[in-house]
S.K.: 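One structure is given below, represented as structure tokens, and several questions about it will come after.
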Amino acid sequence: MTDTDQNEYRQQRHTNMLELQKMGYKPFGEAFERSGRLADVRADFAEEKSVSMAGRLTTVRKMGKSIFADLRDITDRFQIYVQKNQVGEDPFAAFKLLDVGDHIGVKGTFFTTRTGEQTLKVDSWTLLSKALLPLPEKWHGLKDVEARYRQRYLDLISNPEVGAFFVKRSQAISEIRSFLRSQGFLEVETPMMQPQPGGATAKPFKTHWNALNTDMYLRIAPELYLKRLLIGGFDKVFELNRNFRNEGLSRNHNPEFTMLEIYHAYSNVGGMKKLICDLITHVAQTVFGSLKIGEGENAIDLTLPWREVPYRDLVRERMGDDWYEQPIEKAREKALELGLEVEPDWNMMMVTHEIYEKTIERTLINPTFVTRLPMELIPLARTCEDDDTVIDVFELEIGGKEIAPGYTELNDPIKQRQRLEGQDGDDPHKVDEDFVTALEHGMPPAGGMGVGIDRLLMILSGIDAIRDVILFPQLRPK
RNA sequence: GGAGGCGUAGCUCAGUUGGAAGAGCAGCUGACUCUUAAUCAGCGGGUCGGGGGUUCGAGUCCCUCCGCCUCCA
């Protein structure tokens, strides 16, 4: 018994492979020089022109002494025509042993069929790689959600729009990098393994460094290292890479996700605001071709300028002008009426923020900068000059999702220590002494910003599950 | 973690009240030199997610485990 006995498909294809081998074909062939990708070759189509192309055989229409078949690569599908008289008796017989899914290379000349389809008349062909398992069905494609993620390669083969999106994702990432570079920002790489996770409030993944017998954490944010670089004199830096948070899976959460963090010395929250407007509209325009996304109720218009509203004004606008003047009991009642669960010991700020997160945030469809958030929510940024109970910050909301928070960064080491101690009062060990020490050496005033890239791409492409914008989303191991 | 839904051929899916496991595509055999979801004729293909139970009899009902989806925490 061998594993080729597993099912009739593998067995049949194995048999076909052995037959081809007998006829002198190498089932897992060699390099093949093609004139170009299928779309490029098609772009230069001319009657009688000689070309070579390679791809995966996706459909085969056998008609006695001639065969029509489709080749596919990531760019296109192209029809080839194989005639017994043209290629010769043995190569024709061998071609009939090919299976859907095999990679082949072909050489021949262009012609146009009676029905007007650009086609390659094959002079010779070679086997590049045998597929021992069949592809998903050609017409319905692969729909099984689990299989699509666990075997993404099958998804990419049978659902062309999936591949098209990930090409756009790659272009968007590339545009973000070149845009920031053109503005004078320096891309840097900081540790993904950190002795102490910081820069955000989230559960980290823990791992162990054997040689040093010490626990390490996958980063939840690169922030504290990027700020060290500001102290070191890099005045405009960004990092575009993965963060890890030890949380569950959902439509909007993958435990590893792509984050862009940007820091600009001598700038502030206003500078960040300008930068994110320019960055997002640039990517929308160059990669997705429009500032308008979707239709109907949830259509998003990215046309500048974007709305800006202080947090408390927004709350008053939705909950009534006297929201902050009422007793806390009344606020709790209203939260309960909205179907929210609030704890009896929550204060006004906590109840209000619950309402904000659960009911108000999701209604902010067109880009909205929510500014002046309560200090308790954000420990690492500065308070406003005119009011030290609110933070000089924005949260950019698009499509009902938080896309990017931007700050005027806190560079006062004394206040920073107080904030960190206040945040984790029970466990003073969690104050990152090394970071506070760095601040004591003097960090320039700066604007800083984080951009959730996966969510941004969901917005720009109109895709509503994070799994569909990540090539290999995490799933429970089988 | 909680509630609900789903899991049947390689793929996409049916399966009635508990009574002989089905279709299309894919595969195999044959015919066919302009087809394109090729067509025509014929033939094979199943651990009904795993395990247990009820029953004369389970894809179907019950329990349990696994995985996926949706909503909630």
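Small disclaimer: the values here were computed from a predicted structure and weren't measured. Just so we're on the same page: letters track the sequence lines, and every chain starts at 1.
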S.K.: Are A:Tyr407 and A:Glu409 close enough that a side-chain donor and a side-chain acceptor fall under 3.5 Å?
M.R.: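 There is no such pair (donor and acceptor under 3.5 Å, judged by atom type) between the side chains of A:Tyr407 and A:Glu409.
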
S.K.: Using only atom types and a distance under 3.5 Å, with no angle test, would you say the side chain of A:Arg332 pairs donor to acceptor with the backbone of A:Trp346?
M.R.: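 Judged by distance alone, yes, a pair lies under 3.5 Å.
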
S.K.: Among B:C34, B:G27, B:G10, which is the nearest nucleotide to the side chain of A:Val100?
M.R.: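 Nucleotide nearest to A:Val100's side chain: B:G27.
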
S.K.: Would you please confirm or rule out a distance under 4.0 Å between OP1 or OP2 of B:C68 and any side-chain N or O of A:Arg150?
M.R.: yes

S.K.: List RNA chain B stems (3 or more consecutive Watson-Crick/G-U pairs, under 3.5 Å)?
M.R.: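 The stems that RNA chain B takes part in, listed by first number, are B:1-7 with B:66-72, B:10-13 with B:22-25, B:27-31 with B:39-43, B:49-53 with B:61-65.
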
S.K.: Between A:Gln12 and B:C28, is there a side-chain N or O to OP1/OP2 distance below 4.0 Å?
M.R.: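 True: A:Gln12 side-chain N/O within range (under 4.0 Å) of B:C28 OP1/OP2.
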
S.K.: Report yes or no: does A:Gln118 contribute a side-chain atom to a donor-acceptor pair with the main-chain N or O of A:Thr112 at less than 3.5 Å?
M.R.: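 No; zero donor-acceptor contacts below 3.5 Å.
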
S.K.: What nucleotide, of B:C28, B:U12, B:U33, holds the atom closest to the side chain of A:Tyr81?
M.R.: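 Looking only at heavy atoms from C-beta outward on A:Tyr81, the closest nucleotide is B:U33.
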
S.K.: With heavy atoms under 4.0 Å as the rule, sort A:Phe78 into base, sugar-phosphate or nothing.
M.R.: nothing

S.K.: Check whether any side-chain N or O of A:Asp301 sits under 3.5 Å from a backbone N or O of A:Lys292 as a donor-acceptor pair, and report yes or no.
M.R.: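 No, the answer is negative, given that no donor and acceptor are paired below the 3.5 Å cut-off.
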
S.K.: Tell whether A:Glu117 reaches the base of B:U35 with its side chain through a donor-acceptor pair below 3.5 angstrom.
M.R.: no

S.K.: When you get a sec, tell me which of B:C34, B:C69, B:G10 is the closest nucleotide to the side chain of A:Val145?
M.R.: B:C69

S.K.: If you go through the side-chain atoms of A:Asn85, does one of them form a donor-acceptor pair with the base of B:U33 closer than 3.5 Å?
M.R.: yes

S.K.: Between A:Arg37 and A:Phe78, is the side chain to side chain contact (heavy atoms under 4.5 Å, CB included) condition met? List the steps.
M.R.: CA-CA 10 Å; A:Arg37 290 172 171 162; A:Phe78 204 97; over 6 Å; no

S.K.: How is A:Lys84 classified with respect to the nucleic acid when contacts are heavy atoms under 4.0 Å: base, sugar-phosphate, or nothing?
M.R.: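 Counting heavy atoms under 4.0 Å across all strands, no contact is made by A:Lys84.
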
S.K.: Of the nucleotides B:U35, B:G44, B:C69, which has the atom closest to the A:Arg467 side chain?
M.R.: B:C69

S.K.: Using only side-chain N and O atoms of A:Arg114, determine if any of them is under 4.0 Å from OP1 or OP2 of B:C34.
M.R.: no

S.K.: With distance as the sole criterion, do the side chain of A:Thr119 and the base of B:U35 form a donor-acceptor contact below 3.5 Å?
M.R.: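 Such a pair does not exist between side chain and base.
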
S.K.: Contact class for A:Gly248 vs. all strands (heavy atom < 4.0 Å): base, sugar-phosphate, or nothing?
M.R.: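 The answer is nothing, as A:Gly248 stays clear of every strand by at least 4.0 Å.
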
S.K.: Provide, to the nearest angstrom, the distance between the NZ atom belonging to A:Lys143 and the P atom belonging to B:C69.
M.R.: 18 Å

S.K.: Report the nucleotide, chosen from B:U35, B:C69, B:A73, that has the shortest atom-to-atom distance to any side-chain atom of A:Lys358.
M.R.: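 Selected nucleotide: B:A73.
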
S.K.: Kindly point out which of B:G27, B:U35, B:C68 is positioned nearest to the side chain of A:Tyr9?
M.R.: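 Nearest nucleotide to the side chain: B:G27.
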
S.K.: Given the C1' atoms of B:G18 and B:G4, what is the spacing between them in whole Å?
M.R.: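 One C1' to the other, the span is 25 Å.
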
S.K.: Heavy-atom nearest nucleotide on RNA chain B for A:Thr112 versus A:Ala465: which residue maps closer to 5'?
M.R.: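 Taking each residue's closest nucleotide, the earlier one in sequence belongs to A:Thr112.
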
S.K.: Within the modelled atom types, does a donor on one side and an acceptor on the other bring the side chain of A:Glu146 and the base of B:G7 under 3.5 Å apart?
M.R.: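 Answer no: no donor N or O sits under 3.5 Å from an acceptor.
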
S.K.: Judged by each residue's nearest nucleotide on RNA chain B, which is more toward the 5′ side, A:Arg61 or A:Leu98?
M.R.: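 Closer to the 5' end of RNA chain B: A:Leu98.
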
S.K.: CZ of A:Arg242: more than 12 outside heavy atoms within 6.0 angstrom?
M.R.: no

S.K.: Which nucleotide sits closest to the side chain of A:Leu475: B:C11, B:C34, B:C69?
M.R.: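 When the side chain of A:Leu475 is considered, B:C69 is the closest of B:C11, B:C34, B:C69.
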
S.K.: Quick check: does any side chain N or O of A:Arg245 sit under 3.5 Å from a backbone N or O of A:Ile220, one acting as donor and the other as acceptor?
M.R.: yes

S.K.: Report yes if a side-chain nitrogen or oxygen of A:Arg476 is closer than 4.0 Å to either non-bridging phosphate oxygen (OP1 or OP2) of B:C68; otherwise report no.
M.R.: yes

S.K.: I'd like to know if the side chain of A:Asp155 and the backbone of A:Tyr149 have a donor-acceptor N/O pair within less than 3.5 Å.
M.R.: no

S.K.: Using a cut-off of strictly less than 4.0 Å, decide whether A:Arg251 has a side-chain nitrogen or oxygen near OP1 or OP2 of B:U70.
M.R.: yes

S.K.: Would you mind telling me which of B:A38, B:G44, B:U33 lies closest to the side-chain atoms of A:Glu8?
M.R.: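 Per side-chain heavy atoms of A:Glu8, the pick is B:G44.
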
